[in-house]
Participant: 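Quick one: the structure is below, and I'll ask about it shortly.
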Amino acid sequence: MVTAQAPSILIVDDTPNNIRVLFDILDRAGFNLAVVKSGEMALEKLPLIQPDLILLDIMMPGMDGFETCRRLKADPTSKDIPIIFMTVLSDLESKVKGLQMGAVDYITKPIQVEEVMARVNVHLALRTAQIQLMNEVSERRQAEERLKQTLQELQKTQTQLIQSEKMSALGQLVAGVAHEINNPVNFIGGNLSHAREYTQDLLNLVQLYEEHYPQPVPEVLAEIEAMEWDFLREDLPKLINSMQVGVDRLQQILLSLRIFSRTDETEMKLADLHQGLDSTLMILGYRLKAHSERPAIDIIKKYGNLPLVECYSGQLNQVFMNILSNAIDGLEQAIHSHKKFAPAITIQTEAVEGDRVAIRIIDNGWGIPPEVQKRIFEPFFTTKPVDKGTGLGLAISYQIVAEKHQGSLQCVSELGQGSEFAILIPLQQG
Ligand SMILES: Nc1ncnc2c1ncn2[C@@H]1O[C@H](COP(=O)(O)OP(=O)(O)OP(=O)(O)O)[C@@H](O)[C@H]1O
Ligand SMILES: [Mg+2]
C-alpha cells in the first residue's frame, strides 16, 4: 500500500520494457515511484522528486549512467542519495566502474523480482539508518554547542563575581586605611604651621635676650653649651620644614588612595586618566624601588595631551594596576633569569582619531611567547606559581575595557624585546 511515508524511488532508464517490469515490481511493493528517461532529466527533476533511492541505467543515449552518477555525487544536495546501477549480467567492467563512482550496488539485467526487492530493501534500510544517525549526530553537536556556551557564560559570570569581590575588597581596604589616616595627618599638618610660628617666636625671643643680656650667668652659659645652642637654633627650622614636606607627601598619598579606591561608582564620570595612572603608580611605588636582588624599575612617562574621558575611573585604575603589576612581575622574572638590562616601564598616552584615547604600557622584559600570548586573556590562565597568580588580571581588564567601556585591549610582544599593552577607550560612551 502506498502511504505518504512510503520511500520514493527514482527510475532512470530509456528502455520501455525495463521500465515496465521495474514499475510493476516496485509499485506492488508500495513504493512512491518516479520515472525519467535520461540522465539530463534525472538531474533536472531531482530537486522536485527528492528520492530516497535512485535506480540508474548505464547505457542511455546522451548523458550515460556514469556521467549522471558523477554529477549526482558532486552535488552536495544529492550526494547522499544511494544509487543502484542497472547493467547486463556479463558486464563486469561496468559494475566495477559504477561502484568506484560511488554507487552502492547494482542490479543485473534481465531483471529478477527477488534480486530487485532484496537490493532495494537493503539500501533503503541502510539509508534510513544513516539518516537517523546523522540526525542524532547533529542533535548531539547542537547539545554540545549549547553546553559550551553555557560553560562560557558561567566562566564569565564567575570572573565578574571575582572581579567585583576583588575590587571591592581592595577598594574598601584602601578607602578604610585612607579614612583612618586622614584625620591624624590633617591634625599634624594643621598644628605644624602653629609649631613653626611658635618656634620662630621663641627663637626671636632668645635672640632678644642675647642682645639685651650679652653676659648670661654661668648656669645659663653651661646650659647653652650643653644643648649645643648654635646648632639647635640652625637645625630647628630645617627640621620643621622637613616635617612639613613629610606631611605634604602623606596628604598626596591619601589623595591618590582616594582616587584609586573609587569603588562605589554607579555611573560614568569625566575623569583625568593621568591622575588615575599616577595614583596607581604611587600605590605600586614600593614594588618599583631597588632592593637587594635588583635595581629600581624606571618609570618613563610620555604623557600626551589627554582630554577628560567619560569612564568608570576606579575600574580603569584596576586595569592599570593589573597591567603594571604584570609588567613588574615580567621584569623581575627577566632579571631573575639573568637578562642584562635596565628594567623600565614606559607609559605613553595620546588622543587618537579625535574621539579616542590610547594608553600604552610597555615593558622591556623577556616578552611573551606566542603560545602564551594566545591565551593571556583567558580567565584563570596563568604561568605564575599558584600562590602568585590567579590568572584573572587580564581577563578582568579585558572585560572592563571591552565590555564596560566599548574599548579595546591589545597585546603586542616580541620575544627578547618586551611587551606592550595598548588600551583604547572612546572619549564618550554611547
Ligand atoms: N608584561 C608581561 N610580561 C610577561 N608575561 C606577561 C605580561 N603580562 C601578562 N603576561 C602573561 O600573561 C599571563 C596572564 O596574566 P594575568 O594578569 O591574567 O594573570 P596573572 O598575572 O598570572 O595572575 P593575576 O590574576 O594575579 O593577575 C601571566 O601569567 C603571564 O604569563
Ligand atoms: Mg596579573
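Atoms within each ligand, like the ligands themselves, are counted from 1 in listed order. All residue numbers refer to positions in the sequence shown, counting from 1. Quick caveat, the model's predicted, so the values are computed rather than measured.
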Participant: Regarding K97 and the six-membered ring of F66, is the cationic atom NZ or CZ under 6.0 Å from the ring centre and inside 45° of its axis?
Facilitator: yes

Participant: Relative to atom 7 (C) of ligand 1, which among I368, I396, T382 owns the nearest non-hydrogen atom?
Facilitator: I368

Participant: Does D329 reach ligand 1 with a nitrogen or oxygen that is under 3.5 Å from one of the ligand's nitrogen or oxygen atoms?
Facilitator: no

Participant: Which atoms from ligand 1 have a heavy atom of L394 less than 4.0 Å away?
Facilitator: 9 (C), 15 (O), 16 (P), 17 (O), 18 (O)

Participant: State if G365 counts as touching ligand 1 under the rule of any non-hydrogen atom under 4.0 Å.
Facilitator: no

Participant: Pairs of donor and acceptor atoms involving the side chains of residues 52-59, under 3.5 Å and at least two apart or interchain, shall be tabulated with distances.
Facilitator:
| residue | atom | partner | partner atom | Å |
| --- | --- | --- | --- | --- |
| D52 | OD2 | S8 | N | 2.9 |
| D57 | OD1 | K109 | NZ | 2.7 |
| D57 | OD2 | K109 | NZ | 3.4 |

Participant: With a cut-off of 4.0 Å, which atoms of ligand 1 are near a heavy atom of G389?
Facilitator: 23 (O), 26 (O)

Participant: Can an N, O or S atom be found in S325 less than 2.8 Å away from the Mg ion (ligand 2)?
Facilitator: no

Participant: Heavy-atom distances under 4.0 Å are what count here, so tell me which part of D363 touches ligand 1: side chain, backbone, both or neither.
Facilitator: side chain

Participant: Which ligand 1 atoms, with their elements, are less than 4.0 angstrom from a heavy-atom of F421?
Facilitator: 1 (N), 8 (N)

Participant: Using only heavy-atom distances, determine whether the side chains of N191 and Y198 contain a donor-acceptor pair under 3.5 Å.
Facilitator: no

Participant: Could you label the plane-to-plane angle of the F377 and F421 rings as parallel, tilted or perpendicular, counting under 30° as parallel and over 60° as perpendicular?
Facilitator: perpendicular

